[in-house]
Structures are given as C-alpha cells and as structure tokens.
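Position 1 is the first residue of the sequence; numbering continues from there.
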Amino acid sequence: MNKCRIVIAALGGLLIADAARAETIGFAQVGTESDWRTAFSADMKAEAARRGITLIFSDADNNAARQHEAVRSFIDAHVDAIVIAPVIVTGWKATLQAAKEAGIPVFIADRAVDASPDLFVARIAADFNLEGRLAAAWLAQATRGSCDVVELRGTEGAEPTIQRHKGFLAVTSQFPNMRILRSASGGFTSDGGKRVMADFIAAKDGLKGVCAVFSHNDNMLLGAIDAMHEAGLRPGHDQLMVSVDGVPNIFRAMLAGDANMSVELKSDIGKYIFDVVQGYLAGRRDFPKWVLIPSDLHTPADAAAMQARHGS
Ligand code: AHR
C-alpha cells in the first residue's frame with residue numbers, strides 16, 4: 001500500500017516537474033550580416049529569457065553547411081523544438097527529415113525553405129515579395145512611372161533576395177519607362193553595398209541616367225551612400241535611395257537627406273515565434289502554415305518619430 005502511494009507521489013512529482021520544466025529550444029540563426037539581424041537575435045534572446053526558455057543559439061555566419069551542422073547538434077541534444085532562420089532556401093530536405101524522425105518540431109522564422117511543408121510546423125515571417133512591390137510602387141509614384149534603377153541584391157539564394165527582386169519587377173514591369181539597369185549582390189552587408197556601388201560608379205557612364213537605387217536592405221544602402229559621397233555624388237537628391245528593414249541608421253540617413261524610403265521589416269518578432277512554438281508544445285494545432293508578420297513603410301516624414309521609437 002505505502003509503496004504504491006510513494007510511486008504515485010513520485011510520478012506526480014515528475015509530471016509536475018516535467019510540465020513546469022522550461023522548454024529547451026535550438027535556434028539556428030543566419031549570422032550577424034546586418035543591423036536588422038543583430039536586433040532580431042537580441043530580441044530572440046531577450047524574449048526567451050522573459051519566458052524562461054533555454055535557448056541554444058547558433059550563428060552560422062551566413063554559411064549554410066554550418067547551419068545544417070547546428071540543427072543536427074540540436075537533434076542530438078534532444079531539444080524540445082528547433083527554430084531555423086535559413087541562410088538559403090534550398091538543401092533542407094534531409095536535415096528536416098532527420099528532425100522529423102527524431103520527433104522534434106521545426107519552425108521556420110524570418111526566411112523560407114523550399115522543402116515539403118510537412119517537414120515543418122509553420123513559417124513565421126514577413127512577406128518579402130510585398131516589400132519589393134511596396135518599394136517599386138513608392139518609386140513609381142515618386143517618379144510618375146519613369147525611372148532607371150540600379151539594384152543592390154542580398155545573399156544569392158536567400159528568400160528575401162529572390163522575393164524582393166520578384167516583387168519589385170512585378171510592379172516595374174507595369175511601367176514601360178521603369179527598368180533595372182544593373183543588379184549585383186552585396187550580401188546584405190554595408191561593406192558589400194559600398195563595394196557594389198563603387199563598381200556601379202566606376203562602370204561605363206557611372207550613375208548617368210540613373211534615377212534610383214533599390215537596395216534589398218538598409219545596410220547595403222548605407223554602404224552605397226558612403227561610396228556615393230566619396231565620389232562627390234548626392235544620394236537622396238540626384239538618385240532616390242530606397243531599401244528595406246527600417247533600422248535606426250536609415251532614419252538618421254533620411255534626416256540627413258541621403259535616403260528617401262525604407263520598408264520596415266519588424267525585428268522584434270520573438271514574441272510571434274515563441275507564441276507559436278510554445279503553443280504547439282502545449283498541444284495547439286490551429287496555426288496557419290504561414291504566420292504573417294505585418295510590414296510598414298517609412299519616409300523622412302516620419303523618420304524623427306521612428307528614431308524616437310528606436311530610442312536613438
Ligand atoms: O531575412 C531578412 C534579411 O536578412 C534582412 O532584410 C537583412 O537585413 C538580413 O540580412
């Protein structure tokens with residue numbers, strides 16, 4: 001009789017302990033290539049701490065192979081769930097299959113994979129194609145549909161690069177006098193943006209006839225602005241400067257007259273991600289496959305307010 005009570009008590013204790021036990025979640029992050037990425041990482045760590053989650057954080061430094069290694073190590077560590085911000089879209093089938101066979105749910109954050117949807121629970125991310133369309137629509141309105149553009153592309157093979165370019169073209173193709181003259185990758189970094197812009201300036205005719213610069217993120221645009229200043233050009237005046245992210249430094253550039261528009265990509269998305277992950281671990285199954293993060297658009301008109309919001 002007593003022995004049986006002890007077992008039940010012990011079992012009871014275990015169940016309570018198990019229920020209260022904080023989740024251990026592996027997070028495979030892209031790297032530190034931009035101000036946005038750094039802010040996103042900081043938000044994930046802070047939100048995990050707020051919720052008592054043990055977050056195993058890995059930085060792939062934009063190396064896809066290293067990211068797969070990190071996910072495999074999470075599987076070996078028997079984490080409760082895995083969150084991946086994929087460096088690139090392709091090559092995920094085997095790794096996601098391994099997580100599934102280990103019974104570990106996977107959530108895709110920020111970017112996307114081209115693997116079968118049954119290999120992950122949900123994607124929590126903004127609409128990168130919409131961001132490209134918003135940038136082109138703003139430019140079409142600002143130039144009455146007549147504008148030759150040079151484009152700073154992000155990391156090749158990454159979802160934001162693919163979709164921002166597609167979205168931008170989807171709108172500019174409606175305007176016979178709008179076209180992309182040159183397009184090259186700056187890898188989402190300031191140095192990369194500066195290097196690509198220096199090449200564009202050094203190329204035949206330089207920026208002659210160029211009405212705008214469309215950058216896949218703010219950091220590359222900020223690098224391009226530096227290159228244009230060094231070449232004695234007037235970014236924001238002779239060329240309209242348009243990008244994506246909405247990081248504090250782009251509002252500084254807007255107030256200095258060097259930048260004209262940025263589509264905001266929210267970086268404080270930890271709450272959206274962990275709501276889905278913890279909800280799923282608690283048994284919820286009513287999530288859409290794509291949990292959409294809303295976008296926004298900013299110009300010099302609200303740059304001061306955005307700086308205040310960022311506390312910068
Ligand atoms: O995946 C989102 C993109 O990744 C951001 O726009 C960019 O800053 C980062 O490198």
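Partner of Glu33 under the side chain to side chain donor-acceptor pair (under 3.5 Å) criterion, out of Asn217, Asn62, Thr189, Thr155: Asn62 alone.
Under the 4.5 Å side-chain criterion, counting only non-hydrogen atoms from C-beta, Met197 is in contact with Val213. A 4.5 Å side-chain heavy-atom check between Trp92 and Pro86 finds at least one atom pair inside the cut-off. Side chains of Phe120 and Val113 form a contact here, defined as non-hydrogen atoms less than 4.5 Å apart. Counting heavy atoms from C-beta on, the side chains of Ile25 and Thr54 never come closer than 4.5 Å. Side-chain atoms of Arg182 and Glu151, non-hydrogen and from C-beta on, never get closer than 4.5 Å to each other. Between Asp110 and Trp36 there is a side-chain heavy-atom pair separated by less than 4.5 Å. Looking at Phe214 and Leu221, their side chains never come closer than 4.5 Å, going by heavy atoms from C-beta outward. You'll find the side chain of Ile53 reaches within 4.5 Å of the side chain of Phe274, heavy atoms only.
His298 and Phe251 have perpendicular rings, their planes meeting at more than 60° on a 0 to 90° scale where under 30° would count as parallel. A perpendicular orientation is assigned to the rings of Phe57 and Phe27, their planes being inclined by more than 60° (bins at 30° and 60°).
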inquiry  = Please evaluate residues Ser267 and Asp43 with respect to the criterion side-chain hydrogen bond (donor to acceptor under 3.5 Å, both in side chains), reporting the C-alpha separation (whole Å), side-chain torsions for both, the decisive distance (0.1 Å), and the verdict.
reply    = CA-CA 7 Å; Ser267 58; Asp43 181 73; over 6 Å; no
key: Residue pair Glu23, Arg51: steps toward the salt bridge (Lys or Arg N to Asp or Glu O under 4.0 Å) verdict   = CA-CA 9 Å; Glu23 300 95 343; Arg51 294 173 184 231; over 6 Å; no
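A donor-acceptor contact closer than 3.5 angstrom is absent between the side chains of Gln239 and Arg234. The closest side-chain donor-acceptor pair between Asn249 and Asp35 falls under 3.5 angstrom. In summary, the side chains of Asp114 and Thr90 do not present any donor paired with an acceptor at a separation below 3.5 Å, with no hydrogens or angles considered. In the model, His229 has a side-chain atom that pairs as donor or acceptor with a side-chain atom of Asp258 under 3.5 Å.
Atom CD of residue Glu69 and atom CZ of residue Arg72 lie 10.5 Å apart, to the nearest 0.5 angstrom. Taken from CD1 in Ile180 to CG in Leu169, the straight-line distance is 4.5 Å, to the nearest 0.5 Å. One distance of note links CD1 of Ile104 with CG of Leu96; it measures 12.0 Å at 0.5 Å rounding. The OG atom of Ser34 sits 8.5 Å away from the CG atom of Asp218 when rounded to the nearest 0.5 Å. Remark: Thr172 OG1 to Met178 CE distance equals 6.0 Å, nearest 0.5 Å. In this structure, CD1 in Ile108 is found 11.0 Å from CD in Glu159, a value given to the nearest 0.5 Å.
With a 6.0 Å cutoff to the six-membered ring centre and a 45° limit on the axis angle, Lys166 does not count as a cation-pi contact of Phe128.
For the residue pair Ser262 and Gly246, the shortest heavy atom distance occurs at OG-N, 3.1 Å.
Salt bridge Arg284/Asp286: present, at least one basic N to carboxylate O contact under 4.0 Å. The pair Glu131-Arg133 does not meet the salt-bridge criterion, since no charged nitrogen lies less than 4.0 angstrom from a carboxylate oxygen.
Hydrophobic clustering (side-chain heavy atoms under 4.5 Å, transitive across Ile, Leu, Val, Met, Phe, Trp, Tyr) groups Phe188 together with Leu152.
Annotation for Arg285: atom CZ counts as buried by contact number, over 12 foreign heavy atoms lying within 6.0 Å. Within a 6.0 Å sphere centred on CZ of Arg179, heavy atoms belonging to other residues, nucleotides or ligands number 12 at most. Annotation: Lys93, atom NZ; neighbour count of heavy atoms from other residues, nucleotides and ligands within 6.0 Å does not exceed 12.
Lys289 places a side-chain N or O within 3.5 Å of a backbone atom of Val121 that can act as its donor or acceptor partner.
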